[in-house]
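Below is one structure, written out as structure tokens; the observations come after it.
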Amino acid sequence: MAWDFETDPEFQKKLDWIEDFMREEVEPLSHLGMAVYSSMGREKFIKPLQEKVKAEGLWACHLGPELGGQGFGQLKLALMNEKLGRNSLAPSVFGCQAPDSGNAEIIAHYGTDKQKEQYLWPLLNGEIRSAFSMSEPTGGSDPLTFTTRAVLDGNEWVINGEKWFSTNARYAKVLVLYAITDPDAKDPYRRTSIFLVPTDTPGVEIVRNVAVGAGGDIGGGNEAYVRYTDVRLPYDALLGDRGAAFVIAQVRLGGGRVHHAMRTVGACRHALDLMCQRAVSRTTRDGRLADLQMVQDQIAESWIAVESFRLLVLRTAWLIDKHKDYQKVRKDIAAIKVAMPKVYHDVAAKAAHLHGALGVSNEMPFMRMVTSALVMGIADGPTEVHKVTLAKQILKDYQPDNDLFPSYHIPKLQEDARKRFGKELKEIRDAYAARRETEGA
């Protein structure tokens, strides 16, 4: 029986390096604002850090060795990502930023040699960006409500429709697009296909960009509202088989949901650290915040929530490594997806509150955290959908009991027990009767 909560010493050295690297080199860069993300900024600031990560053998660790990754497996990724999750710049430095990591994964699994040459290797090398163009303004991420259509005209696909919240489309070289190709297919989950669409294709239009959260100018942000008008693509722009979008999506989204949760553990721990630092530092007329029982209650509740969530994430990662099949871990992935936004929101909100007016200002990270928690409740499927998935997976293990009184009805259990242990009960009764006769005599 193997059951261990310790990290092997060799990998712990990697984690220690990541910890120091994050603190000394990645986190300071994140305070330079957009200067880091410009083309010149990426060359000057991010590229050198990426080279250091590659030299340490920690680049694109979500991928196998055949794709330039390390093949670490999900459990090691979880331990890494909870450190990267403290800072939004870190995934780019380590070659695992969304949505590029997920897009690269499905191109690696389903792409042709030509598609890999054109998009996969540049994505893995950080030379280009990509966008996941699936959700729609009319029905969100539900594939059965999609209206974007791809119709064959000779040997070309003609695509018309609109997509909503295609993250980073404004910077992307390629759009991973979901479109209906077989509207009359008997299986509704075989009606949709995936296409790789170069962003400079005629007919591709970014209607506007949308920012997450309050503030900022309308039309800013990185979440693109994209319109496809008579976009013509060659037949081989298909990624994978025709009608296979739903299957491919589950490969991508299963991993994406887990990696979101891994990084969110790090974000939650960061919020908790700041909350505790404030508690021991801030004083009122009655002494330190840390000495007030209501504050102690908030800190205790937050620590329990974060550690419980972390253990659930690590266990899910371990199960994925064990089964090598996301479908066998659907229940657990759904569970961490449900837990993630609540834990993140609750801890970030408590941390903001403990910082008072400063906590709700843009001079602290907490309001961004609260907004991110709301995003986590929507991204890769809303919380309600995952609760339904979780409940269905749980209920598969139970069979109906149609008696008037259920099998666990206590009188019924008592009757069954008396029948099962009738001999022993009779022996006890006879022994007591004999004792009374002896005592009476």
Side-chain angles (χ1 to χ4, degrees), residues 1-5 75 78 142 144 188-189 250 254 257-258 261 264-265 268 293-294 296-347 349-350 373 376-377 380-441:
M1 177 180 178
W3 189 258
D4 197 351
F5 287 96
L75 186 56
D142 183 354
L144 301 187
Y189 293 100
Q250 294 314 301
R257 289 161 183 152
V258 176
T264 300
V265 170
C268 291
Q293 286 187 337
M294 291 188 70
Q296 293 168 354
D297 175 83
Q298 292 180 350
I299 289 172
E301 292 283 353
S302 297
W303 187 91
I304 291 169
V306 173
E307 289 303 308
S308 300
F309 173 53
R310 178 177 186 255
L311 288 173
L312 185 60
V313 172
L314 290 173
R315 179 179 176 275
T316 302
W318 174 78
L319 285 170
I320 296 171
D321 287 343
K322 177 182 178 180
H323 295 296
K324 310 295 184 187
D325 186 348
Y326 285 121
Q327 289 300 310
K328 291 183 178 179
V329 197
R330 283 187 70 195
K331 174 178 64 179
D332 308 272
I333 293 174
I336 60 174
K337 182 63 172 64
V338 170
M340 174 169 53
K342 176 171 174 51
V343 174
Y344 194 10
H345 174 274
D346 290 352
V347 176
K350 286 184 174 71
M376 290 298 100
D380 295 341
T383 296
E384 293 81 359
V385 170
H386 292 289
K387 284 184 177 181
V388 171
T389 297
L390 175 57
K392 287 180 177 179
Q393 293 294 313
I394 293 170
L395 292 171
K396 282 182 178 179
D397 295 331
Y398 294 86
Q399 298 299 320
D401 184 345
N402 294 320
D403 287 348
L404 178 61
F405 294 100
S407 58
Y408 48 86
H409 185 222
I410 291 176
K412 184 181 290 188
L413 294 174
Q414 289 174 334
E415 181 182 353
D416 291 343
R418 284 192 291 267
K419 289 179 180 178
R420 177 178 177 181
F421 300 105
K423 178 182 177 183
E424 291 83 356
L425 290 173
K426 183 177 184 303
E427 291 173 352
I428 292 172
R429 285 195 298 269
D430 292 345
Y432 273 116
R435 181 186 298 179
R436 286 195 297 270
E437 289 177 3
T438 303
E439 292 173 349

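Side chains included, hydrogens not; waters and symmetry mates left out as well; all remaining heavy atoms used.
Minimum heavy-atom separation, C268 to V347: O-CG1, 3.8 Å. Across every non-hydrogen atom of D401 and S407, the tightest pair is OD2-N, 2.6 Å. Scanning all heavy atoms of the two residues, the minimum distance from D380 to H386 falls at O-NE2, 3.0 Å. When all heavy atoms are compared, the tightest approach of A373 to P341 is O-CB, 3.3 Å. The nearest pair of heavy atoms linking A261 to I336 is CB-CD1, 3.8 Å.
Note that the OG1 atom of T383 and the CG atom of L390 stand 11.5 Å from one another [nearest 0.5 Å]. For the atom pair T316 OG1 and D321 CG, the distance stands at 11.0 Å (nearest 0.5 Å). Interatomic distance, D332 CG to L312 CG, rounded to the nearest 0.5 Å: 7.0 Å. To the nearest 0.5 Å, the span separating CZ on F421 from CG on D416 amounts to 10.5 Å. Atom CE in M376 sits 14.0 Å away from atom NE2 in H345 (nearest 0.5 Å). Here CD of E439 is found 10.5 Å from OH of Y432. Values are rounded to the nearest 0.5 Å.
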### Task
Could you give me the CA-CA distance, side-chain angles and deciding distance for D403 and K412, then say whether side chain to side chain contact (heavy atoms under 4.5 Å, CB included) is met?
CA-CA 11 Å; D403 287 348; K412 184 181 290 188; 3.3 Å; yes

### Task
Give the intermediate values and the outcome of salt bridge (charged side-chain N to carboxylate O under 4.0 Å, His left out) for residues K426 and D430.
CA-CA 6 Å; K426 183 177 184 303; D430 292 345; 2.9 Å; yes

### Query
Can you list the steps and then say if R330 with Q327 is a side chain to side chain contact (heavy atoms under 4.5 Å, CB included)?
CA-CA 5 Å; R330 283 187 70 195; Q327 289 300 310; 3.2 Å; yes

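In this structure, the side chain of K331 does not engage the main chain of K392 through any donor-acceptor pair within 3.5 Å.
F5 places a side-chain heavy atom less than 4.5 Å from the side chain of L311.
Ion pairing between a basic and an acidic side chain is recognised when a charged N comes within 4.0 Å of a carboxylate O; D346 and K350 show no such pairing.
Counting only residues at least two apart or on different chains, the ring-ring contact (aromatic ring centres under 6.0 Å, His included) pairs with a member in residues 387-414 are F405-H409.
The number of heavy-atom neighbours closer than 6.0 Å to CG of L395, taken from other residues, nucleotides and ligands shown, is above 12. More than 12 heavy atoms of other residues, nucleotides or ligands lie within 6.0 Å of CD in Q414, so this atom counts as buried by the packing criterion.
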